[in-house]
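The next block holds one structure in the form of structure tokens; read it before the comments.
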Amino acid sequence: MAFDGVTVAGIIYELNKKIVDGRIVKVQQPEKDELLLTIKAGETYKLFMSANASLPLIYLTEENKPSPAVAPAFCMLLRKHFNSARIISVHQGHKEEQSLERAIDITIEHLDEMGDLAQKHLIIEIMGKYSNIILCDSEYKILDSIKRVSGFMSSVREVLPGREYFLPQTVDKVNPYSVNCEVFTADVLGKAGPLSKILYTGITGISPQAAEEILARSGISGDIQGTELSEDMKIHLFKTFERYIDEIKNGEFVPSLIYRNGEMSEFCALKCNMYNDDSDTEVKETDSVSKMLYQYYAARNLRTVVHQKSSDLRRIVNTAIEREAKKLDLQLKQLADTDKREKYKVYGELITAYGYNVPAGAKSMVALNYYTNEDVTIPLDSTIAPIENAKKYFDKYAKLKRTYEALVTLTEETRASLEHLKSIALSLELATGEDDLNQIKKELTDSGYIRFHAVKTKAGKNGKTIKQQKIKSEPLHYVSPEGIHFYVGKNNTQNDELTFGFATNADWWFHAKGCPGSHVIMKAVADELPDIAFEDAGALAAFYSSQSSDGKVEIDYVKKKEVKKPANAKPGFVVYYTNYSLIAKTDISRLTLVE
């Protein structure tokens, strides 16, 4: 679902009711492209806005977000101008023109350096990869923005201090607030193409979903070509469109979440009629547009932020995996070269046994190999005596034997490192929050893949040292319909804590066989658990493994007391010497995730 002009209108209607005349008491910039304003307007509100290219948002929230220790420059600029500033209006579009543009103009009033009243405009543009948050003066001259855009980055508009602010013109689109019947029927419906596409490509702020809703209300199919409509049908469609826009003007918003087959799939700011006859779709109304957006985007926003924050870690891990894989290939080739060591040993022994018959200056000798009872031809160095040739072969044997013994150890260590790195790569995919990433980063640092940087402790106001914030990250917790509890580690640190700190000896432990995956603990609630419980635990171990895409995965499971951790083993690594096995599907739909 696009964050279209209709949704923006719903947010602006809500903001005008709640935060206008309120005072800004706190400005935070939790991320490089996010702002969080705390506003007191009778009640205390938190206005969250994001210019993230993949997930631009604005809504009221009750959630607080931690801020960086040092505020970014844009945040400091806003604090300078917004200290106790009063919000005097929230407007959609640019200046006084009413439109469905995806731009929100918040006008604030504050005291300047001279103590005189002054106005500023905070403009939030919800425009995909072009999204931005821009601070302008009263004459719409740009003071700064959360993303600066130079002429090298855009030929349409520079967003730099000192430039005049303007909205990029929407090509060939009409303003839904000012369009009349004649323009609508001639300029909009007169274009070639199916009706649904004509509406969302010809009218500002209308998304494909809004276009489908307008057509559903009119009773006209969206697949019909605009040129096929009669004049009466065109007028009927305009009247339906006009009533739709009137609902926006009158603030008749009915924020709703749309569920398809039980899964949240869309949202709608106005009353949604197009799913009335769809038995697979359920429309659930929410208390506000902000609540609707928060519920829809919260999980998605978290996944996006986590993915972006993990990009550096993923690059480090992938680089290390490539390096270890190349190292292993080289070591295996060197190991294959040591296969000749036993042949050199036999050559030395045969020369020692039969060398007295070899004439001086011979370049080879034929001797009976008493290990195989076959004749073998042994190359010789004609410039030295047979006994020295034997010594030479024994030296080669001794060197290759030492190399072999060293390489056996090295290849085992490299394989272990490679498996460890693959398990960390899986952990990055399973990470659901910043604390998970911090645990993974600590593991990479402890393992030497990231250089350790000592963090300087700061002194608080009372002179006491501020302790570093402890990483709090919990494993996933699932419950089956039978009331059995399952716990899933999201990274190696959690796997160790889950298996050796949380689980009891009576609990059951599950893991995908021969591949990176999560430790899964099934709590022993009775002496005998039903078969379905083991299938559920196996499904979790399969789903949270590197082989989950296969659909079916072989799972090892044992009582937790059978699982041991070798001394000096890497995080997440365990051994067990007896186990049961099952083939598990990766379907965990039976289980409920406990938040």
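No experiment lies behind these values; they were computed from the predicted model shown.
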Look up atom CD1 in Ile235 and atom OG in Ser230, then write down how far apart they are to the nearest 0.5 Å.
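The OG atom of Ser230 is 8.5 Å from CD1 of Ile235, to the nearest 0.5 Å.
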Taking all non-hydrogen atoms of both residues into account, name the closest pair between [X] and [Y] and its distance.
X: Ser131; Y: Pro56; answer: OG-CB, 3.2 Å
X: Ala41; Y: Ile19; answer: CB-CA, 4.2 Å
X: Gly222; Y: Leu215; answer: CA-CD1, 3.5 Å
X: Ala269; Y: Thr7; answer: CB-CA, 4.1 Å

Would you say CG of Asp277 has more than 12 non-hydrogen atoms from neighbouring residues, nucleotides or ligands within 6.0 angstrom?
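Open.
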Residue Tyr177 excluded, over 12 heavy atoms near OH under 6.0 Å:
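Atom OH in Tyr177 is packed in, count exceeds 12.
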Test side-chain contact (heavy atoms from CB on, under 4.5 Å) on Gln28 and Ser67; report intermediate values, then the result.
CA-CA 6 Å; Gln28 297 168 263; Ser67 298; 3.0 Å; yes
Hey, are [X] and [Y] close enough for a salt bridge, meaning a charged N less than 4.0 Å from a carboxylate O?
X: Lys191; Y: Asp187; value: no
X: Lys65; Y: Glu34; value: yes
X: Glu125; Y: Arg157; value: yes
X: Arg163; Y: Glu158; value: yes

Got a donor-acceptor contact below 3.5 angstrom from the [X] side chain to the [Y] backbone?
X: Asn180; Y: Glu182; value: yes
X: Ser290; Y: Tyr59; value: no
X: His236; Y: Ser218; value: yes
X: Tyr296; Y: Lys291; value: no
X: Gln92; Y: Glu101; value: yes

Report the residues that fulfil ring-ring contact (aromatic ring centres under 6.0 Å, His included) with Phe184, sequence neighbours left out, ordered by chain and then residue number.
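Expected list: Phe238, Phe241.
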Determine, step by step, whether Asp246 and Arg243 satisfy the salt bridge (Lys or Arg N to Asp or Glu O under 4.0 Å) criterion, reporting the C-alpha distance in whole Å, the side-chain angles of both residues, the deciding distance to 0.1 Å, and the verdict.
CA-CA 5 Å; Asp246 282 342; Arg243 285 193 293 273; over 6 Å; no
Regarding [X] and [Y], do their side chains bring together a donor and an acceptor under 3.5 Å, going by distance alone?
X: Gln209; Y: Glu266; result: yes
X: Ser50; Y: Asn52; result: no
X: Asp587; Y: Ser589; result: yes
X: Ser84; Y: Arg23; result: no

Over 60° means perpendicular and under 30° means parallel, so classify the ring planes of Phe3 and Phe267, tilted if in between.
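Answer is perpendicular, since the angle exceeds 60°.
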Apply the test salt bridge (Lys or Arg N to Asp or Glu O under 4.0 Å) to residues Arg260 and Asp280: give CA-CA distance (whole Å), side-chain angles for both, the deciding distance (0.1 Å), then the verdict.
CA-CA 6 Å; Arg260 284 197 178 93; Asp280 294 330; over 6 Å; no
Return each pair, listed once, that meets ring pair (Phe, Tyr, Trp, His ring centres under 6.0 Å) where at least one residue sits in residues 4-36; pairs must be two or more places apart or across chains.
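For residues 4-36, and leaving out neighbouring residues, the ring pair (Phe, Tyr, Trp, His ring centres under 6.0 Å) pairs sorted by first residue read Tyr13-Phe253.
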For Glu213, all residues meeting salt bridge (charged side-chain N to carboxylate O under 4.0 Å, His left out), sequence neighbours excluded
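Residues passing salt bridge (charged side-chain N to carboxylate O under 4.0 Å, His left out) with Glu213: Arg217.
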Is there side-chain contact between Leu36 and Gln29, with at least one heavy-atom pair below 4.5 Å?
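Sidechains of Gln29 and Leu36: no contact.
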How about Thr286 and Leu257: do any of their side-chain heavy atoms sit closer than 4.5 Å?
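When only atoms from C-beta onward are counted, Leu257 and Thr286 do touch, with a gap below 4.5 Å.
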Is the distance between the ring centroids of Tyr140 and His121 under 6.0 Å?
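Yes, the ring of Tyr140 comes within the 6.0 Å limit of the ring of His121, centre to centre.
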Test side-chain hydrogen bond (donor to acceptor under 3.5 Å, both in side chains) on Ser427 and Asn491; report intermediate values, then the result.
CA-CA 5 Å; Ser427 299; Asn491 55 58; 5.7 Å; no
Assess Lys40 against Tyr45: is NZ or CZ under 6.0 Å from the centre of the six-membered ring, and within 45 degrees of the ring's axis?
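No cation-pi geometry.
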Between Ser548 and Thr586, does the side-chain hydrogen bond (donor to acceptor under 3.5 Å, both in side chains) criterion hold? Intermediate values first, please.
CA-CA 6 Å; Ser548 59; Thr586 55; over 6 Å; no
Would you check, one step at a time, whether the test side-chain contact (heavy atoms from CB on, under 4.5 Å) holds for Leu122 with Ile108?
CA-CA 8 Å; Leu122 185 67; Ile108 64 116; 5.7 Å; no
